[in-house]
Engineer: 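Next up is a structure, given as structure tokens.
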Amino acid sequence: MLLEVSNVSVWYDKAMLINNVSMGVDQGELVSLVGPNGAGKSTLLRTITGLVAWEKELKKRSTHGEIKLEGQITFDGERIDKVPAHEIVRRGLILAPERRRPFKEMTVIDNLMVGAYLIRDKANIEENLEKVYQLFPVLKERSHQVSGTLSGGEQQMLAVGRALMSRPTVLLLDEPSLGLAPRVIAAIFGVLDELRHEGLSILLVEQDAAVALRHADRGYVMRTGRVVRAGTAGELLADDGVREIYLGPRHGSEG
Amino acid sequence: MSMVLDIVVMGLIKGSIYALLAISFSLIFGVARIVNIAHTAFYMVAAYCIYTATHYLGWHPVPAMLIAIVISILLGMITYKLVLNPIREHEGAVLIATMAIAMIFQEIMTLAFTGTYLSVPNLIDGFIEILGVKVFNQQLLTLGSAVVVMVLLVLFLFKTKLGLALRSTAQDREVANLMGINESKVAMITMGIAIGLAGFAGAIVVPLEILEPHMWTTPLVMMMAVVVLGGLGSLKGSFVAAYIMGFTEASVVFLSPQGAFLKVSVALLIMIIVLLIRPEGLFGVYFEEER
Ligand SMILES: Nc1ncnc2c1ncn2[C@@H]1O[C@H](COP(=O)(O)OP(=O)(O)OP(=O)(O)O)[C@@H](O)[C@H]1O
Ligand SMILES: [Mg+2]
């Protein structure tokens, strides 16, 4: 597989947040990773992108707890679990983080430029920018607006746009639908479908399993740090067990 | 009338020096999350470098200034690498360490130069008369170069790629990291630039000030007051607050010469009054929580 997570476990102090997880994303696939609150989905994405390892280094130098990491992550056949977080994007892997995290006091265009930070060639940057503007025309209209004043939907588009500015091979998305109106969610998923048809590999984390799986090729279901189900999107949608995991703790999407 | 002009000149000079110090202090705080108590101690070191170069080595003041700034930048980066980076996540340790660095510099200067008051020659002599008031060319030079450097800093922050890296790291270092910015390296570069700015402030002010090993303490208090008054983390706030404090100090000195020793107290009093009305400072910004 293009991106492969093998037997990864993560502990924050004594708590085991990721419990021996193995999963992967193949070239050109859209894979959905679903599961209820606190399942460890975001932690897994942060582990893949090196942020957990980075945090671990910081914690070593502070007095606030410690992190333990185990397992192996490969990308395009090479191990990336020891690659520092700021080098991961160079390999072609990028995350649009949970809660969007725009650089709030910076303009939309500056946010996008940070996404293209490692690209040296100006023409390439221009090309990527055109592409992002074409996918999200509203970002072009607002390019000189401070991003903290954008609406939630626009901020999500900015988070995805910023990630795309690096021309990734695999795009990791953490809950892009969070708190958005159905119309905006549909627009964002429309773009994801489009990107996938162009050959981008996507790992999508969502709480709303129905929406996420409907757009996916395959899926994984996580719960309390473990992968409890894996299969094609169709299999998982039809699986009563999956529905139960969901309807138990949490029902429906936000209003 | 002439007193007004005196106040304006001194207020502008003091304000510009405080602005340079406060902005560079805020840069380190914002990007590297270090409260650098030693900030004005580096300013003092730069001043002594100039004294050494001009007095003992017989250099012209201009190359002496340049060397002093280069030494400041290197000292800043070395201090970051060796002392601050390993303890950066531990706020208490950083406070104590930077305080210790300041004391060490003070003691080294006392040993090397004793505690006597020293002075450094002007870069340019002479004066011009504006509305009957003598304004020394050195004062104008200090003021002019401070303003030029601040403009250059703004251009650097807003027009260059490295400036973009600094700004984004200051806002959310985790996401900056994700986008390929080596935040630890950016923190070290910031430290170099900011200490270079502090050194520059020391270099341009030293002909106007008395050189002695405690010359870092009053500017430290004023600089911190400026940062708090302007709103922690706001460069614009630091800029505006610096001139408020500079003019306050100048007004006290000229309006009641016998009460000149109260200048810092009055400036701090103004800070307290503003903070009672606006606790977040003049341009207070909220801080991005990290996760
Ligand atoms: N920095 C941290 N320190 C300690 N515990 C943490 C930390 N981050 C997350 N956790 C815990 O790890 C567990 C998994 O969190 P995570 O954010 O990965 O879940 P999630 O599946 O993304 O949930 P959600 O759908 O609510 O976003 C939670 O119980 C959370 O409290
Ligand atoms: Mg999450």
Side-chain angles (χ1 to χ4, degrees), chain A residues 42-43 45-46 48-55 57-65 84-107 109-120 122 125 146-148 159 162-163 165-166 168 172 174, chain B residues 26 30-34 80-81 83-94 96-97 157-188 231-237 283-291:
Chain A
S42 301
T43 307
L45 293 191
R46 298 183 71 253
I48 294 171
T49 49
L51 290 179
V52 170
W54 174 69
E55 204 183 339
E57 286 308 308
L58 293 188
K59 277 184 194 281
K60 272 191 196 160
R61 303 188 231 150
S62 80
T63 47
H64 317 293
H86 62 88
E87 289 284 341
I88 292 282
V89 57
R90 212 188 282 281
R91 307 287 180 111
L93 212 68
I94 187 82
L95 169 68
E98 191 169 30
R99 293 185 293 110
R100 297 148 198 152
R101 305 267 288 269
F103 301 110
K104 286 195 178 137
E105 287 169 42
M106 287 165 44
T107 57
I109 181 75
D110 277 356
N111 268 272
L112 294 174
M113 285 305 157
V114 179
Y117 189 74
L118 291 184
I119 302 179
R120 287 178 185 280
K122 283 223 160 65
I125 297 177
V146 171
S147 68
R162 182 176 62 186
M165 285 300 287
S166 69
L172 313 181
D174 200 342
Chain B
S26 295
V31 178
R33 275 136 237 261
I34 288 168
Y80 173 82
K81 195 81 198 161
V83 184
L84 299 178
N85 188 40
I87 56 170
R88 193 149 65 99
E89 301 309 311
H90 197 315
E91 296 91 355
V94 166
I96 293 167
L157 285 175
F158 289 90
K159 298 284 177 215
T160 69
K161 205 157 178 172
L162 190 54
L164 186 71
L166 258 67
R167 284 185 291 137
S168 50
T169 305
Q171 293 208 8
D172 189 330
R173 60 177 174 163
E174 188 175 89
V175 177
N177 225 329
L178 207 50
M179 300 295 149
I181 296 171
N182 182 346
E183 70 89 30
S184 177
K185 200 163 128 198
V186 165
M188 184 168 89
L232 208 56
S234 165
L235 298 187
K236 200 205 286 169
F283 292 84
V285 288
Y286 61 95
F287 265 85
E288 183 68 17
E289 86 277 27
E290 279 242 318
R291 251 174 66 81

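Lettering of chains follows the sequences in order, A, B, ..., and the numbering in each one begins at 1.
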Engineer: Is a donor on one side and an acceptor on the other found under 3.5 Å between the side chain of A/Ser147 and the backbone of A/Pro102?
Structural biologist: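 Judged by distance alone, no pair lies under 3.5 Å.
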Engineer: Verify the neighbour count for atom NZ of B/Lys161: are there more than 12 heavy atoms of other residues, nucleotides or ligands below 6.0 Å?
Structural biologist: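 Yes.
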Engineer: Assess, by modelled atom type and distance only, whether the side chains of B/Thr169 and B/Glu183 contain a donor and an acceptor separated by less than 3.5 Å.
Structural biologist: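 Side-chain D/A pair, B/Thr169 to B/Glu183: absent.
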Engineer: Is chain B contacted by the side chain of A/Leu95, its backbone, both, or neither, given a heavy-atom distance below 4.5 Å?
Structural biologist: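 Both backbone and side chain.
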Engineer: Is it true that a side-chain atom of A/Asp110 and a backbone atom of A/Met106 form a donor plus acceptor pair closer than 3.5 Å?
Structural biologist: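 Judged by distance alone, no pair lies under 3.5 Å.
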Engineer: Need one label for A/Arg61: side chain, backbone, both or neither, based on atoms under 4.5 Å from any heavy atom in chain B.
Structural biologist: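 Looking at A/Arg61, backbone and side chain both touch chain B.
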Engineer: Below 4.5 Å from any heavy atom of chain B, which atoms of A/Ile119 appear? Answer side chain, backbone, both or neither.
Structural biologist: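 It is the backbone, since no side chain atom gets that close.
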